[in-house]
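Only one structure is covered here, and it is reproduced in the block below.
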There are 2 protein chains.
Amino acid sequence: MTIREVSEKYDITQDTLRYYERIGMIPPVTRTSGGIRDYQQQDLGWVELAICMRSAGLPVEVMIEYVKLYQAGDATIPARLQLLIDQREVLLEQRRQIDATLDRLNYKISKYEDAVKTGKLSWEK
Amino acid sequence: MTIREVSEKYDITQDTLRYYERIGMIPPVTRTSGGIRDYQQQDLGWVELAICMRSAGLPVEVMIEYVKLYQAGDATIPARLQLLIDQREVLLEQRRQIDATLDRLNYKISKYEDAVKTGKLSWEK
DNA sequence: TCTTGACTTAGAGCTAACTCAAGGTATTAC
DNA sequence: GTAATACCTTGAGTTAGCTCTAAGTCAAGA
């Protein structure tokens with residue numbers, strides 16, 4: 001699969017795909033004899049994982065670390081497990097923050113809806 | 001309340017508090033005759049709201065827009081309502097992304113836990 | 001009054017995560 | 001073979017969101 005096809009499949013720019021590879025956020029992608037990227041199933045798996053992590057807001061640094069551990073072999077399995085557990089905790093905390101903000105937004109939205117309906121404010125910020 | 005007290009109360013730097021005010025993410029804070037910030041209850045409400053939005057990952061630009069609308073008076077109430085509804089949608093989408101990533105993490109974590117227990121991989125990335 | 005420490009502004013500097021540009025190579029269509 | 005297009009690398013540029021620095025002002029204690 002060419003970089004163009006991958007970029008269309010995952011709706012991500014070719015620049016970003018090359019960037020992810022360059023900084024080690026995904027392992028080196030399979031190349032043709034001419035040096036052109038030819039993404040295999042395994043490469044796509046890494047791309048998908050990277051996009052998933054980033055879309056949740058996890059820093060690229062974490063994925064770089066994970067890839068390094070992966071490339072270092074099976075001895076790093078406990079370290080990889082710990083990294084994943086740590087990031088899960090980060091995401092759970094982030095979700096708590098989002099929920100707290102959603103509560104606040106919902107409260108304000110209901111107040112504003114009242115204000116719009118009745119044409120006046122009940123007290124608001 | 002002095003800027004030091006506010007920064008300690010919300011665990012945020014004084015620089016950031018001044019920055020938020022400077023860019024219009026919160027309205028101008030009450031000052032003493034000497035020009036020193038003296039946060040009132042209302043100022044604290046804005047600080048709290050700003051911190052809440054930022055901690056959920058909403059861009060400062062959105063809060064700036066909201067404050068501008070607020071300062072423009074009651075005629076902007078429908079626009080403010082719409083802004084809040086839009087941001088709620090952004091947060092709900094962000095939460096979906098986090099949940100998707102949590103699912104992926106949990107799957108990988110369970111695989112790694114098996115690998116650590118049994119001392120071998122069942123197939124993993 | 002003098003000193004000390006907390007406060008002020010304006011503007012420069014920093015980091016993360018892209019994003020773009022320049023100059024070159026590979027592949028495909030004719 | 002050549003032209004057009006898609007790819008390549010390296011390195012510089014951009015944006016958001018702080019964070020720090022410099023140079024100065026205000027307020028409280030000796």
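Residue numbers start from 1 in every chain, and the chains themselves are labelled A, B, ... in the order their sequence lines are given, proteins ahead of strands.
Grouping the Ile, Leu, Val, Met, Phe, Trp and Tyr side chains by contacts below 4.5 angstrom, directly or via other members, places Y70(B) with L49(B). One hydrophobic cluster holds both L44(B) and Y19(B) under the rule that ILVMFWY side chains link at heavy-atom gaps under 4.5 Å. When the side chains of ILVMFWY residues are joined at heavy-atom separations under 4.5 Å, either directly or via intervening members, L105(B) and I64(A) end up in a single hydrophobic cluster. If you chain together hydrophobic residues whose side chains sit under 4.5 Å apart, I109(B) and L69(A) fall into the same group.
Relative ring orientation between W46(B) and Y66(B) is described as tilted, the plane-to-plane angle lying within the 30° to 60° band.
Note that CD1 of I98(A) is 10.5 Å distant from CD of E93(B), once rounded to the nearest 0.5 Å.
Where the helix from dT1(C)-dA30(D) to dC30(C)-dG1(D) starts and where it ends, the local axes point in directions that differ by 0°; five pairs per end, rounded to 10°.
Checked against side-chain contact (heavy atoms from CB on, under 4.5 Å), S55(B) has the following partners two or more places apart in sequence or in another chain: Q97(A), T101(A).
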Produce the list of close N/O pairs, under 3.5 Å, pairing protein atoms with atoms of nucleotides 22-30 of chain C; give distances to one decimal.
none

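The side chain of R37(B) places no N or O atom within less than 4.0 Å of a non-bridging phosphate oxygen (OP1 or OP2) of dC7(C).
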Review point. Does the salt bridge (Lys or Arg N to Asp or Glu O under 4.0 Å) test come out yes or no for E8(B) and R4(B), once each step is laid out?
Key: CA-CA 6 Å; E8(B) 279 163 4; R4(B) 160 170 291 279; 3.1 Å; yes
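Looking only at distances, no side-chain donor or acceptor of Q87(A) sits under 3.5 Å from a matching main-chain atom of L84(A). The backbone N or O of Q14(A) lies less than 3.5 Å from no partner atom in the side chain of S7(A), so there is not a single donor-acceptor pair. In this structure, T13(B) contributes its side chain and T16(B) its backbone to a donor-acceptor pair below 3.5 Å.
Within residues 11-28 of chain B, the residues having any heavy atom closer than 4.0 Å to DNA chain C are, in order of number, Q14(B), R18(B), R22(B).
Residues in residues 28-37 of chain A take part in these side-chain hydrogen bond (donor to acceptor under 3.5 Å, both in side chains) pairs, two or more places apart or across chains: E21(A)-R31(A), E21(A)-R37(A), T30(A)-D43(A).
Taking 4.0 Å as the cutoff to heavy atoms of chain A, we find the contact window on DNA chain D bounded by dC7(D) to dG11(D).
Smallest separation of non-hydrogen atoms from R88(B) and N106(A): NH1-OD1, 2.6 Å.
Taking atom CZ on R31(B) and atom P on dA6(C), their separation rounds to 19 Å, with Å as the unit.
Nucleotides of DNA chain C nearest to R4(B) and V60(A) differ in position, and the one nearer the 5' end is that of R4(B).
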